[in-house]
Amino acid sequence: MKAHRRKVDIKHGCVDLSHGSGGRAMSQLISGLFHEAFGNEWLARGNDQSAFDVGAGRMVMTIDGYVVSPLFFPGGNIGSLAVHGTVNDIAMAGARPLYLSASFIIEEGFRFSDLKMIADSMGQAAQSAGVHIITGDTKVVERGKADGLFISTAGVGLVPEGFDFSAENARVGDRVLISGTLGDHGVAIMSKRQNLAFETEIVSDSVALHDLVARMVAAGGHGIRLMRDPTRGGLAATLNEIAQQSELGFSLQQEAIPVKPGVAAACELLGLDPLNVANEGKLVAIVSPDVAGAVLAAMRAHPLGRDAADIGEAVPDDHHFVQMATSFGGARIVDWLSGEQLPRIC
Amino acid sequence: MKAHRRKVDIKHGCVDLSHGSGGRAMSQLISGLFHEAFGNEWLARGNDQSAFDVGAGRMVMTIDGYVVSPLFFPGGNIGSLAVHGTVNDIAMAGARPLYLSASFIIEEGFRFSDLKMIADSMGQAAQSAGVHIITGDTKVVERGKADGLFISTAGVGLVPEGFDFSAENARVGDRVLISGTLGDHGVAIMSKRQNLAFETEIVSDSVALHDLVARMVAAGGHGIRLMRDPTRGGLAATLNEIAQQSELGFSLQQEAIPVKPGVAAACELLGLDPLNVANEGKLVAIVSPDVAGAVLAAMRAHPLGRDAADIGEAVPDDHHFVQMATSFGGARIVDWLSGEQLPRIC
Amino acid sequence: MKYADEFRDKAIGLGLARAIRSEADPQRPYRFMEFCGGHTHAISRYGLEDMLPKNVRMIHGPGCPVCVLPAGRIDMAIRLAERPEVILCVYGDLMRVPGSQGASLLKAKARGADVRMVYSTVDAIRIAEESPEHEIVFFAIGFETTTPPTAVMIRHAEKKQLENFSVFCNHVLTPPAMQKILESPDIRSIGRAEIDGFVGPAHVSIVIGTGPYEVFAEEFGKSVVISGFEPLDMMQAILMLVRQVNEHRSEVENQYSRAVTRGGNPRAKEEVCDIFELRDAFEWRGLGLVPHSGLKLKQTYARFDAEICFSMSELRVADNPACECGAILRGVKKPVDCELFGTVCTPETPMGSCMVSSEGACAAHWTYGRFRDRQRKRAS
Amino acid sequence: MKYADEFRDKAIGLGLARAIRSEADPQRPYRFMEFCGGHTHAISRYGLEDMLPKNVRMIHGPGCPVCVLPAGRIDMAIRLAERPEVILCVYGDLMRVPGSQGASLLKAKARGADVRMVYSTVDAIRIAEESPEHEIVFFAIGFETTTPPTAVMIRHAEKKQLENFSVFCNHVLTPPAMQKILESPDIRSIGRAEIDGFVGPAHVSIVIGTGPYEVFAEEFGKSVVISGFEPLDMMQAILMLVRQVNEHRSEVENQYSRAVTRGGNPRAKEEVCDIFELRDAFEWRGLGLVPHSGLKLKQTYARFDAEICFSMSELRVADNPACECGAILRGVKKPVDCELFGTVCTPETPMGSCMVSSEGACAAHWTYGRFRDRQRKRAS
Amino acid sequence: MCLAIPAEVTKLLPDEMAVASVDGVSKEVSVVLIEDLAVGDYIIIHVGYALTKIDPDEARRTLELMRELSTEGQGAMQ
Amino acid sequence: MCLAIPAEVTKLLPDEMAVASVDGVSKEVSVVLIEDLAVGDYIIIHVGYALTKIDPDEARRTLELMRELSTEGQGAMQ
Ligand code: SF4
Ligand code: SF4
Ligand SMILES: [Mg+2]
Ligand SMILES: [Mg+2]
Ligand SMILES: [Mg+2]
Ligand SMILES: [Mg+2]
Ligand SMILES: [Mg+2]
Ligand SMILES: [Mg+2]
Ligand SMILES: [Mg+2]
Ligand SMILES: [Mg+2]
Ligand SMILES: [Mg+2]
Ligand SMILES: [Mg+2]
């Protein structure tokens, strides 16, 4: 008399309110779709939380909400993004990412087939980043109360002994290193927005950076002050934040900043500055000048740091300006963007 | 020439897309509203993640999405709920909750004043639970793409040496303890739904249970097999899940199950069973019979366990049925609810 | 809860159970059909089956308006809801009822149809007033109990001159369905239930009174007791039926005298008569076409009749051939006799009408009673 | 990027800078107004100020259609967008422009008004076709460059017989504003700018040609060079202006000969003439009423004129009295001369027109150039 | 579907509406189908409408009868 | 607002539309304001419309002139 668990009809079915109401339908969706995609021993235990062993030391925790539109974009989808983004925020602390948790908020009517593709991408992204999605939660809201799917991903990681990357650590004279070309993710997303629609071969750079970080830490050790991934708001926002927190300024060389021609062209078309455009697979590292060369070499030796560049230095500045010598020979400030109407890029 | 940071106009203002675009407006919202409400040393560092020290041992991690509607309900709001729910999922592992992270997905047009009330509630709930919200994220989506505000809260906690609460731990003969009256949260929420609207003095039981759990653990030690908070799907869903995972059945006494008269009446009115209705401040503990008395006494000695009751036992059952002897003298199954159209209660 | 709690008293219940056991003749079966799904639900919820002697058997009748609604009518409602201008207001019970090919209003809603759950017809009127740019259709279902509120609402809509409001009427009547069960012409294929008496639904009789059941006592020689829905009400009604059978009486008795009279509620009956008239026949899931068993709006109210306003064409969908609902609703078979029960057919994925609402025979047995199958198996 | 990258060559730029420095007479000031916000933006973006000798000073003119839009027109657009039936389509630049009391389209949108950012007028037409139940209004702004696309769209709407489409027209003209700056009657209160020459906007002249500027050379004795927007274009144009001043010439020269002719684009001009006509006067933020400086739809196209379709009443809002935009737009003051600059007034919370778009004088200085104020302070 | 419960009338409202209460839970219901309603009366409510009043004497009598029958049963078993 | 950039026409489309490309980024634009357009032409695009064609000879001449002026400048400084 045991009800045989019929598989969710992934090909034709879609999420309805019953999948969020704590009943059997929800449990079937979770085990039939998410556990399948993330499959690991922790999820299999079916608890509302998962336990793991840690050695004594310093851990980091982070969380990000992912609301990118469209959900599928050139170079990835919200699922891979939701792993990469959180893994990267952990990695930016110099930490080794360990475990993730994911909260899904789903609009009724969302197709199982899309959900499966997204969950599979998450599973694959997690696997290749060496992390496990050990716990999660699923909510379903009425049609018109969400935009298909939102994912919030939290994560924890282990910080190597003695490391404490933080935005206030930059010192005057430090070098600013960037791991590759800027603006790829934002341009890839914008190319798919109905009112902007343009064709480009640019794809999102969305990728997990923890391995690159590990190589950099090996090369630069405590000479690395801090790292950050220039996501929303782009390099401009990231450096302005660091300048504020560390109470200094930055002086950049525009010529040194790598930007793909397609990204530059799309930005010209839209009236944007690539320095304000989001990245999901790049990092900025502020490093002491004596290790900058070694760290840059380590970056360039890694596939994700092939285009890495030393783009400037930290300077004393009680206005905390980020300045840039333009390729043309002048100088200007690199400011935050001012609430522009950019699409939802992460 | 330093731009003086004008405070966000909490009284009259509302969230617009600029507050989610990674620029200065977002940074002002975060520091002016969230940091103020959660104020702690970790957030103040302004990183995308926060680090903390841990001793070696076992940790738990959990996440939940909160999409409750309405956002403000008798006995709490989405903010307090988003702390209590996550703290409780940690506590249910027998763990001491330590750190939370929160992801906010906000619909443009959301009033700052409401956001502040919610953030303040979160801050207070966190403080009285002895946890810190150490990192977070804010996204803003277009009007009509969310329902005011969604919060996802992740958390970590420390499991005492040797404890491993898990849904597969129940053993035949174990007692089923419940910490208090059932259905209060769900009824409080439903009373505010436009199409159901009824008046009641029932308020949500939303509260953090970690302290109660600590007392129980002190009293019952390793005799406690597992704990769980019967949230979405109510006691029925929780016990059915445990029955499945532990491969046994439960036999309950309806007379022993505490339900407030107002909750019972509202359920009659709506054709619901209180055992399917959500709780946010109750726990079920499955404990070995030899410690059941001590654990129950410890519960009753705690203000949050005043109405605690021993409601039944685990029985061998290869169908994993949850059965109940009714107050009237008959017997029935207590099943999951079948995708009923309940309002969004958590 | 006054007038509820006192009728749930365990001690009295055990006493009534003893009385039934002592009065029922162990040599003969007592087969009573509780027509109403509300009774089916109460039996399951309180576990009454355990309290009756083995030879007193309750047969679950077709009295759940959700269960008996044919798949074709659900398909019609879905088509209506899918029209961009239409907001379909429904009682929550209807959301999961299966139409053809696994369709349901719940799934239609997920795919974009505007389907709103309402608690009362009053809410449907409010929605119509709030959304003048939409067509609001109320998906009316229910037995005689639920029909007066629909009638009142149509009268209100007329008074308020609402032009964006109509009703998709699926109201059905109790007595014709009982009659169908007793004189079913397709007895050969399904078999005829041996029924010694009926537990009649008190909430229906609050409106129509006890009178309409007299035909079953007089013409069909069946005992009838109109019963309330609290467990003591039902235990008393069963005792009354046992006594009628023992005494070879076939009468209509009124157990629920605290709210039911012979004539019913005249105001409610008048409201219904003003607005509705009988259909020639109406299809019931499991029972097929039943003559004079359904209501439609009178010609004078045609402008509130969604079937006319939207030129809805009648859809017919064959029931799943493996589903034994027809036989179960007639009391000829039990849920466990259906090979789909509990495997393919569960409340999450109902294949037939009886699995749809918690008042359906199969759903009630699945949700509350299936542990007994195992006990029986062990016993045998 | 062909036709862009080669005009951003640093070596040539440094050479042109040296040429300017060597040809400019250190004994006299050269005060050139770049009328167009696009030029202001280019100067800031490439840091051209650093490359010019101190006595060659660029004065940022009023040529940003976003900045000069009066708060009253924004309020009018907000009122329109707040109508439930209206979808207002706007170029993204407009979203943050302040109306009265801190209102903006961005905030109106957050509070529920349906405001859609479009990249092109083509999108507005598409939205109108997709949403026949809504009124689509295109919030048209821009100088002569941007007017032809609006005209083309109105012609399309006519051809497609779109009945739910109209235009809230705020198109303005360059030459009348330049003239206003030169002959402003309120010179006493604001002061008159000393301007030796104009850098004319090439994109405007692509449409209208160079001819309309001849009056400034001939009647006002000002040097004019129509210039492209790449940094080399601007450096060359400045050099050409320095030479005109040195040689006491006042001519209209065309630096952007690769796309600008004396007559402009005849098709574009014809489209505009067919559909628009001059307003008697139009209000500019910072400049006040400027005669014959704005366009409106001709009577024959009145059905596409949102101001008529929605009986929009003219709203006037006084500018913030502390805001020095008027003087800045005339070249009499610099952003730092305003006491609100960078404290109360920033791009996040613009108080005046010049802080609104990145092409505004104050915004450009804040976003790209404010580090120079400190250098100046240190130097002094 | 035929779910109906007894509730006390605690307030009469205009437009043939009333407030009905059960154990502190109260809800507005239509009483258009009932004649001569007074505060303190008990009614049976169904989908937001009162269907009838409960006759307290009959209720008492029914309960007494049940008690009797139940004791008879007890006697019979002993 | 007056943002306009040069792009190459890579395809002519019906309804006076064309595809314009810049460094691999291509976008459909209206060319209704332009006469005699051919694939390979460069145009100035603004808010989705081509405003004019670029004259390649004039462009070359301008660049040459700039180079000259720039060298003069160099000479002047030395
Ligand atoms: S179990 Fe399902 S298929 Fe079988 S009779 Fe019941 S409703 Fe029909
Ligand atoms: S800084 Fe602001 S207030 Fe001052 S002139 Fe500029 S725009 Fe006006
Ligand atoms: Mg983060
Ligand atoms: Mg991040
Ligand atoms: Mg959860
Ligand atoms: Mg980050
Ligand atoms: Mg959880
Ligand atoms: Mg939880
Ligand atoms: Mg973040
Ligand atoms: Mg839980
Ligand atoms: Mg519809
Ligand atoms: Mg509007």
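The chains referred to below are lettered A, B, ... by the order of the sequence lines, with proteins before strands, and numbering in each begins at 1.
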Backbone N/O of E:Glu35 and side chain of C:Arg267: donor-acceptor pair under 3.5 Å: no

Minimum-distance pair of heavy atoms, taken over all atoms of C:Leu16 and E:Met66: CD2-O, 4.0 Å

From OH (C:Tyr3) to CD (E:Glu8), nearest 0.5 Å: 9.0 Å

Options C:His203, C:Glu270, C:His41, ranked by heavy-atom pairs under 4.5 Å with chain E, top entry: C:His203

Donor-acceptor under 3.5 Å (C:Asn265 side chain, E:Leu33 main chain): yes

side-chain contact (heavy atoms from CB on, under 4.5 Å) partner of E:Tyr49, chosen from C:Thr150, C:Thr145, C:Val152: C:Val152

Contact leader toward chain E among C:Gly38, C:Ala11, C:Pro149, where contacts are heavy-atom pairs under 4.5 Å: C:Pro149

CA sep, side-chain torsions, deciding dist, call: C:Arg243, E:Leu69, side-chain contact (heavy atoms from CB on, under 4.5 Å): CA-CA 12 Å; C:Arg243 285 182 176 179; E:Leu69 292 168; 3.4 Å; yes

From CG (E:Leu3) to OH (C:Tyr91), nearest 0.5 Å: 11.5 Å

Best-contacting candidate, E:Ile54, E:Leu65, E:Ile43, against chain C by heavy atom pairs under 4.5 angstrom: E:Ile54

Interatomic distance, C:Arg18 atom CZ to E:Ser70 atom OG [nearest 0.5 angstrom]: 6.5 Å

Choice from C:Pro201, C:Ser120, C:Gly13 maximising heavy atom contacts with chain E below 4.5 Å: C:Ser120

Option that, when pairs with chain C are counted at under 4.5 Å, heavy atom only, ranks first among E:Lys53, E:Glu28, E:Glu58: E:Glu58

Contacting moiety of E:Val32, where chain C heavy atoms sit under 4.5 Å: both

Under 4.5 Å from a heavy atom of chain E, the part of C:Asp9 involved: neither

Side chain, backbone, both or neither of C:Leu232 within contact of chain E (heavy atoms, under 4.5 Å): both

Heavy-atom pair count under 4.5 Å with chain E, highest-scoring of C:Glu271, C:Gln236, C:Glu6, C:Glu230: C:Gln236

Top of E:Ile5, E:Asp57, E:Thr62 for chain C proximity - count of heavy-atom pairs under 4.5 angstrom: E:Thr62

E:Asp55 side-chain N/O to C:Ala259 backbone N/O, donor-acceptor pair under 3.5 Å: no

Minimum side-chain heavy-atom gap C:Tyr256-E:Ile44 below 4.5 Å: yes

